[in-house]
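One-based numbering, in listed order, for ligands and for the atoms of each.
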Amino acid sequence: MSTTRKRNLAHNLTSLCGMVLAAIGFIVGATLIIIDLQSHFDNPYTGIFTYMVVPTILFGGLLLILIGVLRERKRRKKTDAEIPELPIIDLNNKKQFATLIIIIVVTLLFIAISVVGSYRAYHFTESVEFCGKTCHSVMKPEYTAYQNSPHANAGCTKCHIGPGADFYAKSKLNGLYQVYSTIFNKYSRPIPAPVHNLRPAKETCYTCHWPEKFFGATELKRTYFRADEENSPWTIQMLMNVGGADPALSHSKGIHWHMAIDNKIEYIAADEQRLEIPWVRMTDGDGNETIFQTLEKSKQLTPEQIASSEIRTMDCIDCHNRPTHQFHSPERALNEALSAGLLNPDIPEIKLNGIDVLTGDYATEGEALMAIETRLTEAYPDGGKTLTQAISAIQKIYAQNIFPEMKVSWEQYPDHIGHMITPGCFRCHNGDHQSEQGQTISRECASCHTIIAQGPGRDVTSINSGGLEFKHPEDIDEEWKETRCDECHTGVPVM
Ligand code: HEC
Ligand code: HEC
Ligand code: HEC
Ligand code: HEC
Ligand code: HEC
Ligand code: HEC
C-alpha cells in the first residue's frame with residue numbers, strides 16, 4: 001500500500017490558495033470576534049468587516065479548497081484508472097486517525113464560529129448604527145432627525161422592518177440594492193417619499209401604540225415670534241381632541257376616530273406625495289358607504305379614473321408620515337428656539353435675520369454654517385456673548401433641519417399633521433368635500449381642537465376652557481375662514 005501511496009488530492013495550486021485564504025480569514029475573524037465580544041465596536045465599518053467581509057473570505061477559501069480537490073480528482077481519474085471512488089480511510093493507521101480527528105474538530109469549530117458570527121451579523125444589521133451611519137451621507141438627514149425625535153430610542157427597524165423573519169429577509173434583499181446604489185452613487189436626492197414598501201402601520205406602530213389607548217385631549221401651546229423689530233410674541237394654547245378610537249366610546253368623535261376598528265376611510269390621491277385628495281370613501285361599522293368628492297370641478301375624478309386608481313386605506317402614516325424624521329421649517333424651528341430661550345428674543349430683528357440666513361442658497365452644510373456666522377456677524381457689528389450664542393443656535397437649527405447635500409428640507413418632505421404650512425388635514429377637511437347626500441367633511445375648527453387661550457405675549461393668563469373663536473394674529477379680515485392656511489403660510493414669514 002505504501003508504495004502506491006499518492007499525494008493528497010489537496011496538493012494543487014487552487015486548493016493551496018484556498019487554504020491560505022481560509023487560514024487568514026479564520027485567524028483575522030477569530031481575533032476580531034474575540035475583541036468584539038470583550039469591547040463592543042461602535043464603528044459600523046469594523047462591524048461590516050468582522051461579520052460580512054471576513055466570513056466571506058473564509059468561506060471563499062474553503063470553497064477554493066473544495067474546487068481544487070474536485071478538479072484534481074477529475075484530472076487523476078483520466079490518467080490513472082486506479083483511483084477509488086471515495087478515499088479509503090484506515091482508522092488503524094495512527095496518522096490517518098489523527099488527521100481525521102483534526103478535520104472533525106476544525107469543522108465543528110468553523111460551524112460554531114459561523115453560528116455566532118451570523119447571529120452577531122443579524123443583530124448588527126438590525127442596529128441603529130448600521131442603518132444610520134453605514135450609508136453615512138445618504139441616511140444623514142433621517143438619522144439626524146431621528147435622534148432629535150420622540151422616537152430616538154425606538155430603533156430604525158421597529159418601524160422599518162418590524163417583527164418576523166419574512167420582513168427581515170425582504171428588507172435585506174432591498175438592502176442589497178441600496179448598498180449597490182450607494183456604492184455606484186445611483187440613489188436619488190432626496191430619497192423619495194412616501195415610502196411605498198413601508199410595512200403596514202398595524203404591524204409596526206401598533207407594537208407600541210394602539211387605537212384604544214387614545215382618549216381625551218392633549219395640550220398644545222405654541223408661541224410665535226413675528227418677523228418685526230421686537231420679534232413680538234403671540235401665543236396660542238389649545239386642547240387637541242386626540243380621542244375617539246375606542247369603539248366602546250364611539251359617541252366621542254375625536255381625531256383618532258379614523259382609526260376606530262369600526263370605521264374604514266379610503267381615498268384616492270391625485271399626486272405622488274398624496275397632497276391632493278379628490279375622492280374619499282367612508283365605511284361605517286354597519287357597512288354603510290359614503291363617498292365624498294371635491295367640489296372643485298376641474299379636480300373631480302371621472303368613474304373611469306376612479307376605477308383605474310389605487311385606493312389607499314387610511315392608517316397612522318396618512319397623518320403621522322413624519323413621526324420621527326421631522327424636518328422643521330425655519331419659521332417653526334426659530335420659534336421653538338426663541339421660546340425655549342436657546343435664542344435670545346431681545347436681539348432686535350433676530351427672527352427676520354435668522355430666516356434670512358437659514359434660507360440662503362448653499363451647496364454644502366459646511367458652506368452654510370460659515371455663511372451663517374459671517375452674515376450674522378456683519379448684521380450685528382457690536383458682537384458680544386449673546387451674538388455668539390445666537391450664531392451657534394442658528395447653526396444648530398440648520399444642521400438639524402436642512403441637508404443641502406441630500407437636497408432635504410421641510411419643503412421636500414411635507415408633514416401631514418396639522419394644516420398651517422402644508423395641506424395636511426385640510427386635504428380632506430377643507431369644507432369642500434361633499435357627498436351626494438350633501439354631507440361635508442368638517443372644517444369646523446373646534447372638531448379637532450379647542451382654543452383655550454390666545455393673544456400677544458409669551459404667556460396668556462386668561463384661560464377659557466369653554467373654547468374661543470380663533471383670532472388671526474394679523475388682520476386679514478375673514479380670509480382664514482375660507483382660504484387654506486398653506487396658501488399664504490409656507491414655513492417662512494408671509495410677506
Ligand atoms: C417611529 C417610526 C420610525 C423610526 C423609528 C424610523 N423611521 Fe424612517 N420612516 C418612518 C416613516 C413613517 C417613513 C415614511 C415617510 C413617508 O412615507 O412619507 C420613514 C421614511 C424613511 C426614509 C425615506 C426618506 C424619508 O425621509 O421619508 C429613510 C431613508 C428612513 N426612514 C430611514 C430611517 C433610519 C436610518 C432610521 C433609524 C436611524 C429610521 N428611519 C427610524 C418611520 C420611522
Ligand atoms: C418601539 C416602540 C415604538 C414604535 C414602534 C412606535 N412608537 Fe411612537 N412613540 C413611542 C414612545 C415611547 C413615544 C413617547 C415619547 C414621549 O413621550 O416623548 C412615542 C410617541 C409618539 C407620538 C407622539 C409624539 C410627540 O410629539 O409627543 C406619535 C405621534 C407617535 N409616537 C407615532 C408613531 C407612529 C406613527 C409609529 C409607526 C410608524 C410609531 N409611533 C411607532 C414608541 C414607539
Ligand atoms: C386623522 C389623522 C390621524 C391618524 C390616522 C392617526 N393620528 Fe395620531 N394624532 C393625530 C393628531 C392630529 C394628534 C395630535 C398631536 C399633534 O398635534 O401632533 C395625534 C396624536 C398622537 C399621539 C400622541 C397623543 C397622546 O395621547 O399623547 C400618538 C402616540 C399617536 N397620535 C399615534 C397614532 C397611531 C399609532 C396611529 C395609527 C393607529 C395614529 N396616531 C393615527 C392624528 C392622527
Ligand atoms: C383622507 C381624508 C381625510 C384626512 C386626510 C383627514 N380626515 Fe378626518 N375625517 C375624514 C372623514 C371622511 C371623516 C368623517 C366625516 C366627518 O365626520 O366630517 C373625518 C372625521 C374626522 C373627525 C371627526 C369629526 C366630527 O364630526 O366630529 C375628526 C376630529 C378628524 N376627522 C380629524 C382629522 C385630523 C386632525 C386630520 C389631520 C391630521 C384629519 N382628520 C385628516 C377624512 C379625512
Ligand atoms: C381636521 C382637523 C382640524 C381642523 C378642522 C382645524 N384644525 Fe387647526 N390644527 C389641527 C391639527 C392636527 C393641528 C396641530 C398641528 C401640529 O401638531 O403641529 C392644528 C394646528 C392649528 C394651529 C397651530 C398651527 C401651527 O402649526 O403652529 C392653529 C393656529 C390652528 N390649528 C387653527 C385652526 C383654525 C383657525 C381652524 C378653523 C378654520 C382649524 N385650525 C381647523 C387640526 C385641525
Ligand atoms: C391671506 C393670507 C393668509 C391666510 C389664508 C392665513 N394667514 Fe396667517 N398670517 C398671514 C400674515 C400676512 C401673517 C403675518 C405675517 C407673518 O408673520 O407671517 C400671518 C400670521 C399668522 C400667525 C402668527 C405667527 C406668524 O407666523 O407670524 C399665525 C399663528 C397664523 N397666521 C395662523 C394662520 C392659520 C391657522 C391660518 C388658517 C386657518 C392662517 N393663518 C391663514 C396671512 C395669512
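Judged by distance alone, the side chain of T388 and the main-chain N or O of G384 form a donor-acceptor pair under 3.5 Å.
Residue M420 places a heavy atom under 4.0 Å from ligand 6. Not a single heavy atom of L220 sits closer than 4.0 Å to an atom of ligand 3.
Aromatic ring pairs are classed by plane angle as parallel below 30°, tilted from 30° to 60° and perpendicular above 60°; the pair H419 and H449 is tilted.
With a 4.0 Å cut-off on non-hydrogen atoms, H433 does not touch ligand 4 at all. Of the heavy atoms in D315, only backbone atoms (N, CA, C, O) come closer than 4.0 Å to ligand 3.
Annotation: cation-pi geometry not satisfied between R281 and F292 (NZ/CZ under 6.0 angstrom from ring centroid, within 45° of ring axis).
Side-chain atoms of Q412 and S409 form a donor-acceptor pair, as typed in the model, at a separation below 3.5 Å. Between the side chains of S435 and T290, no donor-acceptor pair is found at a separation under 3.5 Å. Defined by atom type and a distance below 3.5 Å, a donor-acceptor pair is present between the side-chain atoms of Q305 and T302. No side-chain donor from either of E487 and T483 sits under 3.5 Å from a side-chain acceptor of the other. No hydrogens or angles considered: nothing links the side chains of Q434 and Q439 as a donor-acceptor pair under 3.5 Å. Neither side chain, E296 nor H433, offers a donor N or O lying under 3.5 Å from an acceptor on the other.
Using a 4.0 Å cut-off between charged nitrogen and carboxylate oxygen, R375 and E378 do not count as a salt-bridge pair. Under the 4.0 Å criterion applied to side-chain N and carboxylate O atoms, R443 and E482 are not assigned as salt-bridge partners. Under a 4.0 Å N-O distance rule, the pair D486/R484 qualifies as a salt bridge. A salt bridge between K221 and D459 is present, with a side-chain N of the basic residue lying under 4.0 Å from a carboxylate O of the acidic one. Salt-bridge check for D318 with R312: passed, with a basic side-chain N closer than 4.0 Å to an acidic carboxylate O. A salt bridge does not link K140 with E405: every distance from a Lys NZ or Arg NE/NH1/NH2 to an Asp or Glu carboxylate oxygen is 4.0 Å or more.
Residue R427 approaches ligand 4 through these ligand atoms, each under 4.0 Å from one of its heavy atoms: 5 (C). Near E331, meaning under 4.0 Å from any of its heavy atoms, are these atoms of ligand 6: 26 (O). Listed by number with element, the atoms of ligand 4 under 4.0 angstrom from any heavy atom of G254 are 28 (C), 29 (C). Close approach of ligand 4 to M282 is summarised as follows: ligand atoms under 4.0 Å from at least one heavy atom of the residue are 14 (C). Interface of T483 with ligand 6, defined as ligand atoms under 4.0 Å from a residue heavy atom, comprises 5 (C). Distances below 4.0 Å separate heavy atoms of S447 from the following atoms of ligand 4: 29 (C). Within ligand 3, the atoms closer than 4.0 Å to a non-hydrogen atom of C319 are 1 (C), 2 (C), 3 (C), 4 (C), 5 (C), 42 (C), 43 (C), numbered from 1 in the order shown.
For atom 29 (C) of ligand 6, the choice among Y224, F426, F225 with the nearest heavy atom turns out to be Y224. Among P323, C316, C208, G418, the residue whose heavy atom lies closest to atom 37 (C) of ligand 3 is C316. Of the candidates V242, I417, D318, it is V242 that places a heavy atom closest to atom 14 (C) of ligand 3. The option with the heavy atom closest to atom 20 (C) of ligand 3, from among H419, H416, M240, H256, is H256.
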Under 3.5 Å, sequence neighbours excluded: what are the donor-acceptor pairs made by side chains of residues 462-472?
{"from": "N464", "atom 1": "OD1", "to": "G466", "atom 2": "N", "distance (Å)": "3.0"}
{"from": "H472", "atom 1": "ND1", "to": "E474", "atom 2": "N", "distance (Å)": "3.2"}
{"from": "H472", "atom 1": "ND1", "to": "E474", "atom 2": "O", "distance (Å)": "2.7"}

Distance-only donor-acceptor pairs under 3.5 Å for side chains of residues 389-402, two or more places apart:
{"from": "S392", "atom 1": "OG", "to": "Q389", "atom 2": "O", "distance (Å)": "3.2"}
{"from": "Q395", "atom 1": "NE2", "to": "L369", "atom 2": "O", "distance (Å)": "2.9"}
{"from": "N401", "atom 1": "OD1", "to": "H328", "atom 2": "N", "distance (Å)": "2.9"}
{"from": "N401", "atom 1": "ND2", "to": "I397", "atom 2": "O", "distance (Å)": "3.0"}

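For the pair T218 and ligand 3, the shortest N or O to N or O distance does not fall below 3.5 Å.
For atom 17 (O) of ligand 4, the closest heavy atom belonging to the protein is K253 NZ, 3.2 Å.
Side chains of T450 and N241 form a contact here, defined as non-hydrogen atoms less than 4.5 Å apart.
Protein atoms of type N/O/S that fall under 2.8 Å from atom 8 (Fe) of ligand 4 number 2 in this view.
Around atom 8 (Fe) of ligand 6, protein N, O or S atoms at less than 2.8 Å comprise H472 NE2, H489 NE2.
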